[in-house]
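So the structure is just underneath, and the comments pick up after that.
By convention in this document, chain letters (A, B, ...) are assigned in the order of the sequence lines, proteins followed by strands, and residues within each chain are numbered from 1.
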Amino acid sequence: MQKPSLPKGTRDFGPQESIKRNYLIQAIRQQFVKYGFMPLETPAMENLSVLMGKYGEEGDQLVFKILNSGDFLKKSSRSDFEKGSQHLLPSLAEKGLRYDLTVPLARYVVMNQHALTFPFKRYQIQPVWRADRPQKGRYREFYQCDADIIGTRSDWNEVELTLLLHDVFESLKLRDFVLKINHRDVLFAMAAASGMSGREIDFCVVLDKLDKIGEPAVLEEMASKGGNTHKLKEFLDLLAGTTSSVERLKKMGEQLPASKGIEQLLAYFSQLEAFSDRQFKIELDFSLARGLTYYTGMIFEVKPTSVKMGSICGGGRYDNLTGVFGLPDVSGIGISFGLDRIYDVLEELQLFPESTQQTTTVLITHFDQESFGHGKKMVEKLRKEGLPCDLYPEPGKIKKQFNYANKLNIPYVITIGSEEITTEKYPFKEMSTGHQASLTLDQIISRLKGND
RNA sequence: GUGGUUGUAGUUCAGUUGGUUAGAACGCCUGAUUGUGGUUCAGGAGGUCGCGGGUUCGAGUCCCGUCUCCCACCCCA
């Protein structure tokens, strides 16, 4: 007899967890719909030709590959083996599990470019898979909740997504977070001014480590890569400044007069002023890099402040999403919420509402075949009223039936016996208080519907 | 991919320099109470000590391997 097990980094979601996850998904979807996004679903698997080469060398290794069906060795030759896994892979696997929702979106847009109406606003809430090593807040199967606006360069979109993310977290009562903003163009201009033109990725990677390894280590590492540390020091001073985002932006603008990014960020902050009723923390962070290679404009990331957790939401503008698939000059902007991390944060801060604790509101208990039969009619009537209810499925010890209601957190119990069948008045017990009243079915319905 | 850590009942954990039949709490089942749960009391079931190998008269305990869990790095949601 073998013990069953789960693949590394995957989880089951029991009833209580599923209810909470559904609450989360529903809350996010509601905001997506409110902001005019339409749903899209794509297959769990994509062709590897679509997936590979889009996430950098490291990302490619994190894509789960699906072994070809049938005799999967048939297509590979001895020389493929000898040349190593890079050469062998295409003959062994042609499909992979999707790594994110952005690349499948790009594929979808290209394949349906003539049928779509632009700007195309789509949302997508589906699982993605990464062959990463699991740790806190990192799973091998997790849900992303993406909203993207494709086919417009309007700078209103940046503002719109900012308002959207505020509304999402507000609806979840999650207020301990900070939205970090930066711009790819500013990063590139900083790299150029620091003498690292053409090696912007290196520059970003090192700069991004700032809060982990500290300023001296960053300067040292930058110097070892041939950067101008004197210039960089000036940037870092600006970065660490305590003045407002807009003031720091203006100062950075003096350093980088040619940067369009500074202008765009200033315009962004200026537009946001009209929505100052939404109170939340927005912070300019010149060190924010975000690894994904396709962002070209503004980038942002949301981090919880009172829980130790990586980013729970991220996104940015990309000018050439579909370029790799042969459709140039499609600009868009996207945002991605990490459902599983948000779940962990809400759980830790105990922000899930009470109402997610229960679904069935009333249980009907009974003693014998006759009262069981009566219960069948009652449960049907309650269900026709749309009330989530249940009939204990077999006659038996009433104690056991009450215990069942207790275990499942069912708040009300109705009991049927021979006397109740004739009087048509039933003991209606509120489990939390122990209070019990004798009521007709209509009175019970009206009470359960809250009309009483 | 690199490093550290963990694994004993359904769950959380004890288990002495290696030594009889591996324990507790909670949970579960039954009864006290054959028309009322959450309290109490009594009783009961439940373990290939992650898996494989080794050392030993003897291994939950020591050694090796392997898997897994959690954590950090890398990277990211």
Side-chain angles (χ1 to χ4, degrees), chain A residues 1-11 14 24 28 55-63 85 98-102 125-146 165 201 204-206 208-209 212-213 288-293 295 299-304 308-315 334-345 363-368 371 392 395-421 426-436 438:
Chain A
M1 176 110 81
Q2 61 159 9
K3 285 185 182 171
S5 62
L6 229 38
K8 187 196 286 231
T10 67
R11 302 150 299 156
L24 247 183
I28 293 171
Y55 309 106
E57 202 175 315
E58 203 148 355
D60 281 358
Q61 294 193 320
L62 297 181
V63 172
S85 39
R98 73 172 159 249
Y99 179 89
D100 69 0
L101 301 179
T102 307
I125 301 174
Q126 288 193 279
V128 301
W129 294 268
R130 295 184 188 178
D132 229 336
R133 199 177 285 205
Q135 62 186 61
K136 187 177 167 73
R138 176 189 289 181
Y139 307 101
R140 290 186 138 186
E141 177 183 61
F142 61 97
Y143 269 67
Q144 289 194 327
C145 314
D146 279 30
L165 82 84
I201 302 292
C204 290
V205 166
V206 176
D208 194 46
K209 291 184 190 168
K212 271 181 195 158
I213 63 177
L288 176 67
R290 293 193 58 76
L292 293 175
T293 46
Y295 292 121
I299 49 180
F300 57 88
E301 189 170 281
V302 176
K303 282 199 80 170
K308 195 168 172 268
M309 176 68 77
S311 67
I312 52 175
C313 173
I335 186 170
S336 178
F337 294 85
L339 180 82
D340 303 77
R341 284 187 177 177
I342 295 173
Y343 181 101
D344 290 346
V345 170
L363 177 75
I364 300 172
T365 64
H366 44 83
F367 294 97
D368 46 32
S371 51
Y392 198 80
K397 290 217 165 90
I398 207 76
K399 175 181 172 138
K400 198 175 171 185
Q401 301 184 43
F402 265 81
N403 204 26
Y404 179 78
N406 201 43
K407 291 277 162 55
L408 268 61
N409 247 316
I410 299 172
Y412 298 101
V413 175
I414 297 168
T415 307
I416 310 173
S418 51
E419 195 178 320
E420 285 79 9
I421 295 174
Y426 311 91
F428 178 71
K429 182 164 182 173
E430 184 177 1
M431 295 297 275
S432 60
T433 59
H435 180 257
Q436 186 166 306
S438 188

With a cut-off of 3.5 Å and sequence neighbours excluded, list every side-chain donor-acceptor pair involving residues 410-419 of chain A.
residue : atom : partner : partner atom : Å
A:T415  : OG1  : A:T365  : OG1          : 3.2

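- Here the separation of B:C29 from B:G10, taken at their P atoms, is 15 Å to the nearest Å.
- Residue-level contact check: A:G59 touches neither bases nor backbone, having no heavy atom under 4.0 Å from any strand.
- The two residues A:M309 and A:D344 come nearest to each other via the heavy atoms CE-CB, 3.6 Å.
- For A:K400, the side-chain contact (heavy atoms from CB on, under 4.5 Å) partners at least two apart in sequence or on another chain are A:Y392, A:K397.
- With hydrogens and angles disregarded, a donor-acceptor distance shorter than 3.5 Å links the side chain of A:R98 to the backbone of A:P127.
- The side-chain hydrogen bond (donor to acceptor under 3.5 Å, both in side chains) test applied to A:D368 returns A:S371, not counting sequence neighbours.
- Evaluation of the side-chain hydrogen bond (donor to acceptor under 3.5 Å, both in side chains) rule for A:R133 yields no partner, not counting sequence neighbours.
- Rounded to whole Å, atom P of B:A77 lies 11 Å from atom CZ of A:F300.
- Taking atom CG of residue A:L363 and atom P of nucleotide B:G37, one finds them 14 Å apart after rounding to whole Å.
- Residues that satisfy the side-chain contact (heavy atoms from CB on, under 4.5 Å) test with A:Q61, not counting sequence neighbours, are absent from this structure.
- In this structure, A:Q126 atom CD and B:A77 atom C1' are separated by 16 Å, rounded to whole Å.
- Scored by the side-chain contact (heavy atoms from CB on, under 4.5 Å) test, A:K8 finds A:P134, A:R140 as partners (sequence neighbours excluded).
- Nearest heavy-atom pair across A:I364 and A:Q401 is O-OE1, 4.3 Å.
- A:S432 comes within 4.0 angstrom of a nucleotide base, judged by non-hydrogen atoms across all strands.
- What separates OH of A:Y55 from P of B:A77 is a distance of 11 Å, to the nearest Å.
- Listed by chain and number, the residues in a side-chain hydrogen bond (donor to acceptor under 3.5 Å, both in side chains) with A:Q126 are A:Q124 (sequence neighbours excluded).
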What's touching nucleotides 32-35 of chain B from the protein side, N or O pairs under 3.5 Å?
residue : atom : partner : partner atom : Å
B:G35   : N1   : A:E420  : OE1          : 3.1
B:G35   : N1   : A:E420  : OE2          : 2.9
B:G35   : N2   : A:E420  : OE2          : 2.7

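- Side-chain atoms of A:W129 and A:V63, non-hydrogen and from C-beta on, never get closer than 4.5 Å to each other.
- Remark: P of B:C76 and CD of A:E57 are 14 Å apart, rounded to the nearest angstrom.
- For the C1' atoms, the distance from B:U2 to B:U8 is 31 Å, rounded to whole Å.
- Residues A:F337 and A:I312 have side chains not in contact (no heavy-atom distance under 4.5 Å, counting atoms from C-beta outward).
- The same atom, C1', is picked in B:U61 and in B:U17; the two are 11 Å apart, to the nearest Å.
- No donor-acceptor distance shorter than 3.5 angstrom exists from the side chain of A:D132 to the backbone of A:L62, with no hydrogens or angles considered.
- Separation of the P atoms belonging to B:A25 and B:C62 is 27 Å when rounded to the nearest angstrom.
- A donor-acceptor contact shorter than 3.5 Å links the side chain of A:R341 to the backbone of A:S311.
- Under the 4.5 Å side-chain criterion, counting only non-hydrogen atoms from C-beta, A:V302 is in contact with A:L165.
- Among the protein residues, A:Y139 comes within range of the nucleic acid bases, having at least one heavy atom under 4.0 Å from a base atom.
- B:G60 and B:G50 have their P atoms separated by 10 Å, with the value rounded to a whole Å.
- Here the separation of B:A72 from B:U20, taken at their C1' atoms, is 45 Å to the nearest Å.
- Stem regions for RNA chain B, each three or more consecutive Watson-Crick or G-U pairs with both distances under 3.5 Å and listed by first number, read B:1-4 with B:70-73, B:10-13 with B:23-26, B:28-32 with B:40-44, B:50-54 with B:62-66.
- In this structure, A:R11 forms a cation-pi arrangement with A:Y139, its terminal cationic atom sitting closer than 6.0 Å to the ring centre and no more than 45° off the ring axis.
- Taken from CD1 in A:I342 to SG in A:C145, the straight-line distance is 6.5 Å, to the nearest 0.5 Å.
- Note that the OG atom of A:S438 and the OH atom of A:Y426 stand 10.0 Å from one another [nearest 0.5 Å].
- Interface residues of residues 336-344 of chain A facing RNA chain B, ordered by number: A:R341; criterion, heavy-atom separation under 4.0 Å.
- Comparing the same atom, C1', in B:C13 and in B:G35 gives a spacing of 41 Å after rounding to whole Å.
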Protein-nucleotides 68-74 of chain B N/O pairs closer than 3.5 Å?
residue : atom : partner : partner atom : Å
B:C71   : OP2  : A:K136  : N            : 2.7
B:A72   : OP1  : A:K308  : NZ           : 2.9
B:A72   : OP2  : A:Q135  : NE2          : 3.4
B:A72   : N7   : A:Q135  : OE1          : 3.3
B:C74   : OP2  : A:K212  : NZ           : 3.2
B:C74   : O2'  : A:E58   : OE2          : 3.2
B:C74   : N4   : A:R138  : NH1          : 2.8
B:C74   : N4   : A:R138  : NH2          : 2.2

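- Rounded to whole Å, the distance from CE on A:M309 to C1' on B:C76 is 12 Å.
- B:C75 atom P lies 14 Å from atom CG of A:L288, rounded to whole Å.
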Polar-atom pairs under 3.5 Å, protein N or O versus N or O of nucleotides 26-28 of chain B: list them with distances, or write none.
residue : atom : partner : partner atom : Å
B:C28   : OP1  : A:K407  : NZ           : 2.6

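- In this structure, A:C313 reaches the sugar-phosphate backbone alone: every heavy-atom distance under 4.0 Å involves primed, P, OP1 or OP2 atoms, never a base.
- With both ends at atom C1', the span from B:A59 to B:A22 equals 13 Å, rounded to whole Å.
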